[in-house]
Amino acid sequence: KQEVTQIPAALSVPEGENLVLNCSFTDSAIYNLQWFRQDPGKGLTSLLLIQSSQREQTSGRLNASLDKSSGRSTLYIAASQPGDSATYLCAVQGGSEKLVFGKGMKLTVNP
Amino acid sequence: EPEVTQTPSHQVTQMGQEVILRCVPISNHLYFYWYRQILGQKVEFLVSFYNNEISEKSEIFDDQFSVERPDGSNFTLKIRSTKLEDSAMYFCASRSDPPNQPQHFGDGTRLSIL
């Protein structure tokens, strides 16, 4: 059974720092991995999707990498801003339609 | 940008009552999903739906749950006889073809069972 873990559960940083968010998964037989952002009381906004055959994806200040064999992904946020404050979730898709989520990491960027 | 929309945003229901949660997926999407998130816990998969039938369901999705696409735009989740433990945020998601496309989520319906 696939398990997805995100450590730490929360992170508080000053504005301007470059950040690395970690995600690990137990079964390396994945189809893709998605990173989401969740604002309080809101839904999930898809940030990046990495196919199992890819090593990384970039969107603006965000870069996600995937090491399938070691069961790890990282989300890199460059030059963090207060508007980046949110919960970031990692989810993997295996051999079926369902996404298996981590519990998320709550990020606070202080001005 | 097209969005998945869900109504209502908050539903309060007495235990034992039936509730229907509604979703309008993105218009050209063909694959539809329901997930739920109990307060403080992970987002959990409930069901996927394609070509007017369930393609996959989790062990959570028992006989009290059902899904329907009653017309070309809506996708609904019905809970037949609600229990206290059904209280959660319910998210609808959709995606287009091909299979490597991301799932797009709505803002959710907060369901509170009293």
Side-chain angles (χ1 to χ4, degrees), chain A residues 1-7 9-10 23-27 30-54 57-60 62 64 66 68 73 75 86-106, chain B residues 1-7 9-10 21 23-26 29-51 53-61 67 88-110:
Chain A
K1 182 186 169 186
Q2 180 74 268
E3 295 284 344
V4 179
T5 303
Q6 293 182 251
I7 296 173
C23 171
S24 61
F25 46 94
T26 54
D27 185 350
I30 65 168
Y31 185 68
N32 62 47
L33 183 146
Q34 249 179 291
W35 281 95
F36 294 88
R37 170 187 172 132
Q38 184 175 28
D39 293 286
K42 292 288 191 179
L44 309 177
T45 301
S46 180
L47 298 173
L48 289 164
L49 181 145
I50 313 179
Q51 299 296 327
S52 62
S53 58
Q54 297 174 321
Q57 281 285 339
T58 298
S59 175
L62 304 179
L66 175 64
K68 203 173 73 157
S73 176
L75 179 67
T87 297
Y88 290 81
L89 295 106
C90 164
V92 299
Q93 182 180 357
S96 68
E97 284 289 325
K98 71 178 181 183
L99 294 178
V100 178
F101 283 82
K103 206 168 179 184
M105 196 211 74
K106 184 176 181 180
Chain B
E1 187 173 322
E3 291 181 340
V4 175
T5 57
Q6 291 186 243
T7 55
S9 56
H10 191 191
L21 309 182
C23 170
V24 179
I26 295 173
H29 286 189
L30 302 176
Y31 299 82
F32 313 115
Y33 310 86
W34 285 100
Y35 291 81
R36 79 174 185 189
Q37 185 177 31
I38 295 171
L39 189 64
Q41 298 188 22
K42 295 181 178 183
V43 176
E44 303 173 286
F45 169 80
L46 292 177
V47 66
S48 60
F49 192 86
Y50 170 71
N51 200 25
E53 60 183 36
I54 291 173
S55 48
E56 185 179 357
K57 60 183 181 179
S58 72
E59 56 272 15
I60 302 169
F61 194 88
V67 289
M89 182 75 93
Y90 287 80
F91 293 109
C92 173
S94 68
R95 73 163 178 87
S96 61
D97 256 336
N100 63 358
Q101 293 302 301
Q103 294 183 22
H104 295 270
F105 283 69
D107 278 349
T109 293
R110 180 167 298 285

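Labels below follow one simple rule: chain letters A, B, ... track the order of the sequence lines, proteins then strands, and each chain is numbered from 1. Fair warning: this is a prediction, and the values are worked out from it, not measured in the lab.
- For chain B, the nearby part of A:Gln51 is the side chain; its heavy atoms alone come within less than 4.5 Å.
- Residue with the most contacts toward chain B among A:Gly102, A:Gly41, A:Ala91: A:Gly102 (heavy-atom pairs, distance under 4.5 Å).
- No part of B:Glu44 comes within reach of chain A, as not one of its non-hydrogen atoms sits under 4.5 angstrom from that chain.
- Residues A:Ser46 and A:Gln34 bring a donor and an acceptor atom of their side chains to less than 3.5 Å of each other.
- When heavy atoms are compared at a cutoff of 4.5 Å, B:Arg95 approaches chain A solely by way of its side chain, counted from C-beta outward.
- Looking at A:Ser96, the atoms closer than 4.5 Å to chain B (heavy atoms on both sides) sit in the backbone and in the side chain alike.
- Applying the salt bridge (Lys or Arg N to Asp or Glu O under 4.0 Å) rule to A:Asp39 yields the partners A:Arg37; only residues at least two apart in sequence or on another chain are considered.
- At a 4.5 Å heavy-atom cutoff, A:Val100 makes no contact with chain B through either its backbone or its side chain.
- Using a 4.5 Å cut-off between heavy atoms, A:Leu48 makes no contact with chain B at all.
- For B:Tyr50, no part sits under 4.5 Å from any heavy atom of chain A, backbone or side chain.
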- Message: Using the rule given for side chain to side chain donor-acceptor pair (under 3.5 Å), can you reason through A:Asn32 versus A:Gln93, listing the C-alpha separation, both sets of side-chain angles and the distance that settles it, and then say yes or no?
- Response: CA-CA 5 Å; A:Asn32 62 47; A:Gln93 182 180 357; 3.2 Å; yes
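- Heavy-atom pairs under 4.5 Å with chain A peak, among B:Gln101, B:Gln37, B:Gln41, B:Lys42, at B:Lys42.
- Ring to ring, B:Phe45 and A:Phe101 are not that close: their centroids are 6.0 angstrom or more apart.
- Contact annotation for B:Glu56: only side-chain heavy atoms (C-beta onward) come within less than 4.5 Å of a heavy atom of chain A.
- By the side chain to side chain donor-acceptor pair (under 3.5 Å) test, B:Gln6 pairs with no residue at all, sequence neighbours left out.
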